[in-house]
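Shown next, in structure tokens, is the structure this report addresses.
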2 protein chains.
Amino acid sequence: MAPDQPMMLLVRKLQTRVPLDRSDVQAVLELPFTIHSYEAPAYLVREGTTALQQCSFIRTGFAIRQKLTVDGNRQIVGLCLPGDFVDLQHLFLNRADHNVQALTRLDAIDVDRAALQQLAQSRSNVGKALWIDSLIEASVHREWVLNIGRRDARQRIAHLLCEFVLRMRHAGLEQEASCEFPMTLEQLADAAGLTSVHVNRTLKALAGAGAIRRTKRSLTFTDWDQIRDIGDFSALYLHLEQGGPEGV
Amino acid sequence: MAPDQPMMLLVRKLQTRVPLDRSDVQAVLELPFTIHSYEAPAYLVREGTTALQQCSFIRTGFAIRQKLTVDGNRQIVGLCLPGDFVDLQHLFLNRADHNVQALTRLDAIDVDRAALQQLAQSRSNVGKALWIDSLIEASVHREWVLNIGRRDARQRIAHLLCEFVLRMRHAGLEQEASCEFPMTLEQLADAAGLTSVHVNRTLKALAGAGAIRRTKRSLTFTDWDQIRDIGDFSALYLHLEQGGPEGV
DNA sequence: CGTAATATTGACTCACTTCAATCAACGTGG
DNA sequence: CCACGTTGATTGAAGTGAGTCAATATTACG
């Protein structure tokens with residue numbers, strides 16, 4: 001149970017959803033796991049894969065969920081931050097329905113699927129925490145449908161940036177308003193359902209309005225209230241308070 | 001366990017995901033429930049609601065999941081067919097993150113939330129079936145993000161129609177190629193991230209190409225292969241075969 | 001340094017929206 | 001049984017946000 005024990009990351013993640021007792025923690029720490037490193041843009045999961053032996057989560061680095069149309073257009077359907085599960089869906093689904101790709105160099109912790117299944121069904125706190133995690137992911141997907149379907153480019157980009165920053169902050173990975181932003185224009189475009197050319201223009205407009213500042217590889221929020229308003233952002237869909245008492 | 005027992009619908013639904021043994025079935029049938037009727041466009045769930053006492057599923061009729069932007073634009077983020085859960089997410093989330101609205105007259109079966117939680121965590125087959133259901137829902141959301149983000153109007157509408165028909169068929173509710181289609185142009189538009197004017201033109205084009213036929217209140221698929229090709233539709237994301245053996 | 005990604009910018013195009021008018025279907029009450 | 005109102009469908013004309021194409025600049029990095 002050393003603090004540098006990789007599985008402590010999982011324990012802490014679960015504890016943001018449901019309080020775990022000592023024996024729960026012990027059981028999680030005893031799960032069989034291996035660690036895997038990937039270089040961008042390696043695939044962690046490929047759509048259609050069926051022999052799924054583990055569920056992974058991210059120790060360091062970033063990944064994206066994406067799907068492709070027949071004509072080769074890519075849509076990013078979700079982001080994976082450090083501490084997030086990459087394929088919790090494979091706990092019970094037998095076929096991958098989308099791709100997961102490394103955005104940066106990343107370390108993933110692969111937990112044995114059968115053992116995690118077993119744990120999820122025998123320890124109700126752990127099961128509940130995992131279940132909540134997958135329910136929140138669905139909620140985020142719904143917000144993305146709204147974002148892409150009914151907001152214009154300016155709002156979409158702003159919303160996406162807000163989600164990124166808030167999730168970073170919630171994961172304890174963001175110090176100030178500024179942060180290293182891991183996505184290129186093209187990736188941002190694929191996440192927003194736009195083109196990189198238009199994302200470039202939109203970011204320039206946001207910077208012109210004073211909402212953000214851009215330097216080579218990082219992104220600063222110079223006016224959080226403004227960008228939140230532009231992006232029509234409300235954090236409710238992230239269910240960040242779920243760890244609290246019932247009915248919050 | 002009479003065949004007209006409302007909860008048999010839930011049993012059958014769960015059995016499409018995981019085989020249940022006799023005692024599982026018995027336990028499900030013993031869940032406390034009430035039945036509720038709604039007229040369109042009544043709300044079954046309102047975003048932000050916190051005192052969630054039950055999880056509902058649809059006995060007859062149709063509903064939609066939807067969210068609104070500040071400026072009042074509506075986006076439909078999912079469809080609920082007869083036999084589908086309306087708010088399985090409330091099994092463990094304490095706040096509604098979107099609205100659910102009746103599309104037609106509908107009967108819903110409200111299952112006591114605490115009892116269902118209890119069952120989900122004590123009976124692993126039931127728990128697994130419910131969990132799979134919520135994972136599939138997330139998969140459908142991902143496909144919607146792709147559909148709205150990276151397909152043009154023609155493809156989007158075709159894809160949406162394919163999903164509807166396939167889910168109807170899977171629920172055992174569709175006889176032939178034709179079917180009563182419960183959505184207006186405006187609702188179709190809100191589901192596809194388009195305007196009703198453009199949906200009208202797009203449907204007309206699809207009918208002109210011989211892919212569908214439209215009469216007042218119904219929609220016929222005159223050429224399933226064509227509409228599937230137009231919509232870039234592959235049913236993998238619906239995980240319909242999940243009930244089968246592992247690794248299918 | 002050289003080379004490949006990524007970012008930037010301008011000019012032009014187009015898919016979809018907006019606005020607005022008309023039409024059809026349907027339920028309802030007198 | 002029919003006028004009427006309401007909701008949904010249809011069509012045309014005009015506008016626009018975002019895409020496309022293409023050239024150039026910048027950055028990363030071996």
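The figures that follow rest on heavy atoms only: side chains count, while hydrogens, waters and symmetry mates do not.
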- Sorted by chain and number, sequence neighbours left out, salt bridge (Lys or Arg N to Asp or Glu O under 4.0 Å) with A/Arg46 holds for none
- Parallel, tilted or perpendicular: which describes the rings of A/Phe233 and A/Tyr237, with under 30° parallel and over 60° perpendicular? perpendicular
- Query: In terms of side-chain geometry, is the basic nitrogen of A/Asp71 or B/Arg150 positioned less than 4.0 Å from the acidic oxygen of its partner?
  - Reply: no
- Check DNA chain D against residues 60-72 of chain B and give the residues with a non-hydrogen atom under 4.0 Å, in numerical order. none
- To the nearest angstrom, the NE2-P distance between B/His198 and C/dC14 comes to 15 Å
- Please confirm whether the backbone N or O of A/Leu135 pairs with a side-chain atom of B/Gln89, one donor and one acceptor, at under 3.5 Å? no
- Whole-Å distance between D/dA18 C1' and B/Asp152 CG? 14 Å
- Query: In terms of side-chain geometry, is the basic nitrogen of A/Lys13 or A/Asp84 positioned less than 4.0 Å from the acidic oxygen of its partner?
  - Reply: yes
- Between atom CZ in B/Phe181 and atom C1' in D/dG8, what is the gap in whole Å? 15 Å
Tabulated below should be each protein N or O lying under 3.5 Å from an N or O of nucleotides 25-30 of chain D; please produce it.
none

- Note on the structure: Sorted by position of nearest nucleotide on DNA chain C, 5' first, the leading residue of A/Glu186 and B/Ala153 is A/Glu186
- Ring geometry between A/Phe181 and A/Phe164 (parallel below 30°, tilted from 30 to 60°, perpendicular above 60°): perpendicular
- Message: Let me test you: for the helix from C/dC1-D/dG30 to C/dG30-D/dC1, what is the angle between the axes at its two ends (five pairs each), rounded to 10 degrees?
- Response: 40°
- Message: Does this structure show an ion pair linking A/Arg65 with A/Glu137, if we count only N-O contacts that are shorter than 4.0 Å?
- Response: yes
- Item | Contacts of A/His170 that satisfy ring pair (Phe, Tyr, Trp, His ring centres under 6.0 Å) - sequence neighbours left out | none
- Note on the structure: Rounded to whole Å, CG of A/Leu194 lies from C1' of C/dC16 at a distance of 14 Å
- Separation of C/dA7 P from A/Met183 CE (nearest whole Å): 11 Å
What protein N or O atoms touch nucleotides 10-12 of chain D N or O atoms at under 3.5 angstrom, if any, and at what distances?
residue, atom, partner, partner atom, Å
D/dT10, OP2, B/Asn200, OD1, 2.8
D/dT10, OP2, B/Arg214, NH1, 3.0
D/dT10, OP2, B/Arg214, NH2, 3.3
D/dT11, OP2, B/Lys204, NZ, 2.8
D/dG12, N7, B/Arg201, NH1, 3.2

- Ionic contact status for A/Arg151 with A/Glu143, cut-off 4.0 Å: yes
- In whole angstrom, what separates B/Asn73's CG from C/dC16's C1'? 14 Å
- Message: Students often mix this up, so state it plainly: with edges at 30° and 60°, are the rings of A/Phe85 and A/Phe57 parallel, tilted or perpendicular?
- Response: tilted
